[in-house]
**Q** 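I have a structure here, written as structure tokens, and I will follow up with some questions on it.
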Amino acid sequence: MSMYNEKVMDHFMNPRNAGAMEDPDAVGSYGSPVCGDMMEIQLKIENNVIIDAKFKTFGCGSAIASSSVATEMIKGKTLEEALDLTNKNFVDELGGLPGPKIHCSVLAEQAIKSAIYDYAKKNGLELEGLKDFDPDSKFDDHHDKE
Amino acid sequence: MSMYNEKVMDHFMNPRNAGAMEDPDAVGSYGSPVCGDMMEIQLKIENNVIIDAKFKTFGCGSAIASSSVATEMIKGKTLEEALDLTNKNFVDELGGLPGPKIHCSVLAEQAIKSAIYDYAKKNGLELEGLKDFDPDSKFDDHHDKE
Amino acid sequence: MRQVYLDYSATTPVKKEVLEEMLPYFSEKFGNPSSLYGIGLSAKTDINKARAKVAHLIGAEDREIYFTSGGTEADNWAVIGAARAKKSKGNHIITSAIEHHALLNTCQYLEKEGYEVTYVSVDSKGRINLDELEKSITDKTILISIMFANNEVGTIQPIKEISEIAKRNGIWFHTDAVQALGNTPIDVKALGIDMMSMSAHKIYGPKGVGALYIRKGIIIPSLLSGGSQENKRRAGTENVAGIVGFGKAAELAEANLEEHIKKVSDLRNYFIEKIKSNLEDIDINGDMENRLPGNINITFNYVEGEALLLYMDTKGISASTGSACSSASFTPSHVLHALGMPLEKIYSSIRFTVGDFTTKDDIDYAVEEIVKIVNKLRSFSAFSKERSW
Amino acid sequence: MRQVYLDYSATTPVKKEVLEEMLPYFSEKFGNPSSLYGIGLSAKTDINKARAKVAHLIGAEDREIYFTSGGTEADNWAVIGAARAKKSKGNHIITSAIEHHALLNTCQYLEKEGYEVTYVSVDSKGRINLDELEKSITDKTILISIMFANNEVGTIQPIKEISEIAKRNGIWFHTDAVQALGNTPIDVKALGIDMMSMSAHKIYGPKGVGALYIRKGIIIPSLLSGGSQENKRRAGTENVAGIVGFGKAAELAEANLEEHIKKVSDLRNYFIEKIKSNLEDIDINGDMENRLPGNINITFNYVEGEALLLYMDTKGISASTGSACSSASFTPSHVLHALGMPLEKIYSSIRFTVGDFTTKDDIDYAVEEIVKIVNKLRSFSAFSKERSW
Ligand SMILES: Cc1ncc(COP(=O)(O)O)c(C=O)c1O
Ligand SMILES: Cc1ncc(COP(=O)(O)O)c(C=O)c1O
């Protein structure tokens with residue numbers, strides 16, 4: 001018996017794309033250790049398409065599982081497609097997270113946006129999906145305070 | 001298992017001198033149904049000595065056991081000797097009563113005094129032991145109120 | 001010696017099926033339900049299964065059931081909780097004169113703090129006066145708490161009518177259903193109940209576990225604060241085995257309800273008829289129409305109750321004077337008093353309750369012995385038909 | 001899969017001897033202790049035998065022990081009871097920053113009512129500052145409540161010194177000994193304790209039963225009112241089976257105390273040595289001198305605690321982050337915070353507690369698995385020795 005479903009547990013126990021790559025084209029991160037969650041993401045990008053992704057996460061089960069599933073989902077996607085993905089897509093792909101844990105999936109969404117922003121900046125791209133992205137936004141404590 | 005000791009239970013289950021006699025020389029009572037305890041006592045008296053005693057009691061286990069043991073104890077005693085007996089003697093003879101039940105033994109002491117008073121009145125006796133006895137005293141609720 | 005237990009209202013034995021369900025939770029599935037690992041989470045799941053069973057028995061939603069340490073805690077919580085939650089609205093509580101001490105003493109505690117309490121009277125059968133209830137409402141009234149069924153005389157109150165009065169006046173309605181649960185159909189939604197107290201040990205579950213139904217939307221502060229158990233409303237590591245047992249007992253109560261009521265009320269009526277035809281000068285107290293199926297309350301005139309109980313005990317027959325918790329305190333029943341009975345009759349009254357394990361044969365034995373005992377005690381009582389009180 | 005339970009501070013399995021003692025009280029000896037007949041009176045007697053055992057374990061008199069539904073109720077009762085009893089003297093309570101939520105939340109509840117509460121700080125090992133304690137006393141101080149031993153880091157407080165400060169200033173002293181009971185010698189008289197909370201399920205007894213020691217002479221109002229159980233100070237039909245189980249657990253705890261402490265602290269030290277020599281970048285939190293024998297609290301730097309717990313769970317290893325009851329609430333431990341630890345370290349801390357059924361072999365297995373897990377999680381953590389937080 002576990003608080004997470006089987007799919008979450010699988011992504012958590014056998015995270016896909018965990019680790020680092022050489023010479024990433026884009027790097028992003030989100031979170032803060034004082035909030036108990038921090039994700040770093042690295043991307044390889046060719047012709048506007050994400051051809052590889054790696055993550056490093058300090059965080060709870062749902063943070064790690066979201067990192068895993070998110071990196072899987074963005075591979076093969078164009079940058080715009082990747083920017084369209086929200087934490088809800090990751091949660092759905094995972095088959096759901098317990099209520100107080102849903103916010104942890106925001107980590108992946110924001111880290112991905114941050115990496116693509118890094119790439120856009122370096123390559124002078126203007127991407128519709130980054131219109132509202134503020135790389136300096138304060139990291140909100142996305143945990144439920146109770 | 002019972003709240004009373006064996007001796008009390010014996011006097012309660014097999015009360016000595018329960019019932020009534022013909023032509024008693026003295027009759028007394030104490031208690032009130034509204035207090036849950038009432039004892040009536042009848043005595044046969046010869047030469048100042050109690051030669052028989054009978055009781056009728058409406059009351060709890062300790063009231064009945066005290067009635068039984070008290071009537072046993074006064075048989076063969078002179079009136080003065082009987083008047084000297086207090087509820088403590090009955091309790092001791094019974095080997096003790098539970099704390100909140102000790103007051104029930106007062107019933108027997110007072111009923112005996114009341115019967116001897118009846119006898120003294122009818123026979124013009126003046127008994128030292130009745131000096132402080134007030135036959136019209138209000139019946140105090142001798143139960144612990146809690 | 002033969003044992004005939006006729007005090008099911010005081011407590012019931014834990015049914016075999018209930019105990020079996022509880023057993024694994026002591027030494028194997030012993031995890032703390034607040035833990036994140038397997039045996040903790042599964043304990044939590046099993047508590048919630050029990051919650052669903054209790055909820056189903058009374059037509060509530062699962063999340064409206066909060067487990068407590070018993071009926072007493074549920075009563076204390078409901079009343080003190082409502083008093084604190086509604087402090088700004090008012091300080092007046094309406095209850096009845098025949099409530100259990102868990103309720104009455106809590107009200108008295110609040111009275112010392114300045115709350116005002118009206119104790120609505122009951123008629124000679126133990127039914128509350130609805131008119132008086134409605135008239136006693138003021139704009140400061142914050143709670144009406146009237147028990148579903150009385151523990152001593154078994155009278156069932158007109159709950160629906162009371163809840164309508166409460167609703168009409170915008171007042172919360174709590175009911176102590178400790179005795180009613182499993183003994184009469186209860187649908188909290190249809191009956192319009194806002195809060196309801198329950199206890200496992202009256203329905204063949206374990207002692208030390210109960211529940212408060214709190215209708216969703218009602219917010220009262222915790223009585224026990226601390227950890228975040230019970231959706232943060234009742235702190236303390238859960239009595240997992242006890243709760244699981246309560247769940248099973250509730251499930252059985254629901255499955256057997258009709259049969260239980262039929263069987264037990266037949267036995268009750270058989271007892272009453274039999275004792276009536278074998279003894280003179282007895283009164284049957286309470287209401288024969290609106291009555292718990294197992295309850296029998298009899299005045300054995302001229303015989304003091306405790307003496308009768310003890311004689312019965314020596315024959316293996318268990319019954320009680322008034323409620324169990326006041327049996328040891330030797331004070332005359334406030335319930336019979338509220339029914340208008342004179343003290344001497346109160347002292348001479350005994351409550352018998354039959355239950356699922358009672359047989360006709362038990363009753364034959366008990367009545368036979370009781371008749372002998374009453375006759376013996378009457379033979380040397382200070383009172384009698386001739387010398388009446 | 002192999003199961004290694006390392007969370008004895010969250011709860012313990014009921015010992016076989018304890019369960020055996022409890023079993024007859026469910027369906028056979030099921031009488032209500034307030035009843036006057038045999039099975040009622042014998043239940044009462046057996047409760048009192050259990051009371052004597054609990055009293056003996058802590059050097060109290062029997063009548064100073066009041067059974068409750070657990071440690072939480074005992075804590076709530078002691079604090080609210082003292083607050084109400086001493087209202088006319090003052091409204092100031094002193095406690096510590098590292099108390100269990102059962103105490104802290106009760107204090108917060110009272111603060112809302114206008115009481116004032118001082119939360120004395122602790123040093124980095126979790127020992128309270130005695131100077132600060134004494135200085136915070138005012139003429140309005142009515143209660144000092146400092147836990148005997150902490151549930152997260154296991155630090156044992158200087159109880160005698162605290163009680164002397166309390167005595168010197170004429171203030172009642174309550175201590176939450178839920179974790180200390182059965183894990184360190186306790187003599188309430190020698191230590192000068194006025195009230196003390198206990199819980200059965202931490203000493204191999206059942207969940208849902210505890211006790212409050214109230215020194216004779218101390219009078220506080222009831223938290224639960226109703227029937228006249230527990231010498232009229234704690235109402236509610238007694239959890240007879242639970243109380244009997246608590247009694248047996250107390251008896252065993254007393255008989256095994258020395259052996260238990262030796263065995264468990266040896267295992268603890270073995271665990272700590274072993275993990276230290278197999279993993280870098282870990283911190284052992286708390287005080288190695290004044291510590292509960294079974295407590296181990298470790299920060300695994302760069303690895304988040306919940307993730308670690310879940311990986312451990314898949315290997316059958318049970319432990320917890322902070323206290324069990326806050327594990328499910330995902331808030332960083334207030335205890336580690338009070339010790340001055342930064343948040344990221346708090347998130348990376350795990351409490352292990354070894355107990356009577358732990359073996360050396362269990363620890364070998366657990367440490368081996370934990371090392372593997374920590375290394376794996378570190379391999380893809382956002383932080384590391386090189387990229388420290
Ligand atoms: C009507 C009623 N309310 C409350 C209670 C108290 O319940 P518990 O014994 O579970 O505390 C009882 C029984 O003792 C009862 O009969
Ligand atoms: C120090 C401390 N106090 C109080 C409690 C609460 O006790 P219980 O779980 O019996 O309510 C606990 C355990 O949960 C504890 O560790």
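Protein chains get the first letters and strands the later ones, always in sequence-line order, with residue 1 at the start of each.
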**Q** With a 4.5 angstrom heavy-atom cut-off, could you sort out which part of C:Phe26 is near chain D: side chain, backbone, both or neither?
**A**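 Looking at C:Phe26, backbone and side chain both touch chain D.
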**Q** Could you tell me if the side chain of D:Asn239 sits less than 4.5 Å from the side chain of C:Asn239, heavy atoms only?
**A** yes
**Q** Could you list the residues that satisfy side-chain contact (heavy atoms from CB on, under 4.5 Å) with C:Thr358, not counting sequence neighbours?
**A**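 Result, side-chain contact (heavy atoms from CB on, under 4.5 Å) vs C:Thr358: C:Leu6, C:Tyr8, C:Leu267, C:Val354, C:Asp362, C:Ile363.
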**Q** In terms of heavy-atom proximity below 4.5 Å to chain D, should C:Gln108 be classed as side chain, backbone, both, or neither?
**A** neither
**Q** Checking D:Ile243 against chain C: side chain, backbone, both or neither under 4.5 Å from a heavy atom?
**A** neither
**Q** Please rank D:Gln3, D:Arg84, D:Glu113 by heavy-atom pairs under 4.5 Å with chain C and give me the top one.
**A** D:Arg84
**Q** What's the shortest heavy-atom distance between C:Ser27 and D:Pro13, and which atoms?
**A**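 That closest heavy-atom pairing would be O-CB, 3.9 Å.
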**Q** If I measure from the heavy atoms of chain D, does C:Thr68 come under 4.5 Å with its side chain, its backbone, both, or neither?
**A**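 Neither part; nothing is under 4.5 Å.
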**Q** Are D:Leu223 and C:Leu224 close enough that some pair of their side-chain heavy atoms sits under 4.5 Å apart?
**A**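 SC-SC contact between D:Leu223 and C:Leu224 confirmed.
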**Q** D:Thr12, D:Asn76, D:Thr11: which one forms the most heavy-atom pairs within less than 4.5 Å of chain C?
**A**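 Between D:Thr12, D:Asn76, D:Thr11, the count favours D:Asn76.
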**Q** With chain C as the partner, which of D:Phe30, D:Trp77, D:Tyr25 has the greatest number of non-hydrogen pairs under 4.5 Å?
**A** D:Phe30
**Q** Under a 3.5 Å distance rule, please check whether D:Asn105 uses its side chain to pair with a backbone N or O of C:Ser225 as donor and acceptor.
**A**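 Looks like no, no N/O pair under 3.5 Å.
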**Q** Non-hydrogen atoms of chain D under 4.5 Å away: do they reach the side chain of C:Ala241, the backbone, both or neither?
**A** neither
**Q** What part of C:Glu99 gets closer than 4.5 Å to chain D, counting heavy atoms only: side chain, backbone, both or neither?
**A** neither
**Q** Quick one, C:Tyr5 and D:Ile39 - any side-chain contact, counting heavy atoms below 4.5 Å?
**A**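 C:Tyr5 reaches D:Ile39 side chain to side chain.
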**Q** Let's test your reading of the structure: which of C:Thr314, C:Thr237, C:Leu310 forms the most heavy-atom pairs below 4.5 Å with chain D?
**A**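 Answer, by heavy-atom pair count under 4.5 Å with chain D: C:Thr237.
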**Q** Measuring only between side-chain heavy atoms, which start at C-beta, is D:His201 closer than 4.5 Å to C:Glu238?
**A** no
**Q** What heavy-atom pair brings D:Ser35 and C:Asp7 nearest, and what distance separates the two atoms?
**A**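 D:Ser35 and C:Asp7 have their closest heavy atoms at OG-OD2, 4.0 Å.
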**Q** With a 4.5 Å heavy-atom cut-off (strictly below), which parts of residues 15-24 of chain D touch chain C? List them by number.
**A** D:Leu19, D:Met22, D:Leu23
**Q** Do D:Ser320 and C:Leu36 have side chains that get closer than 4.5 Å, going by heavy atoms?
**A**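 Side chain of D:Ser320 against side chain of C:Leu36, heavy atoms only: no contact under 4.5 Å found.
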**Q** So which heavy atom on D:Ser69 is nearest to which on C:Glu73, and how close?
**A** OG-OE1, 4.4 Å
**Q** Is C:Leu103 in contact with chain D via its backbone, its side chain, both, or neither, using a 4.5 Å heavy-atom distance?
**A** neither
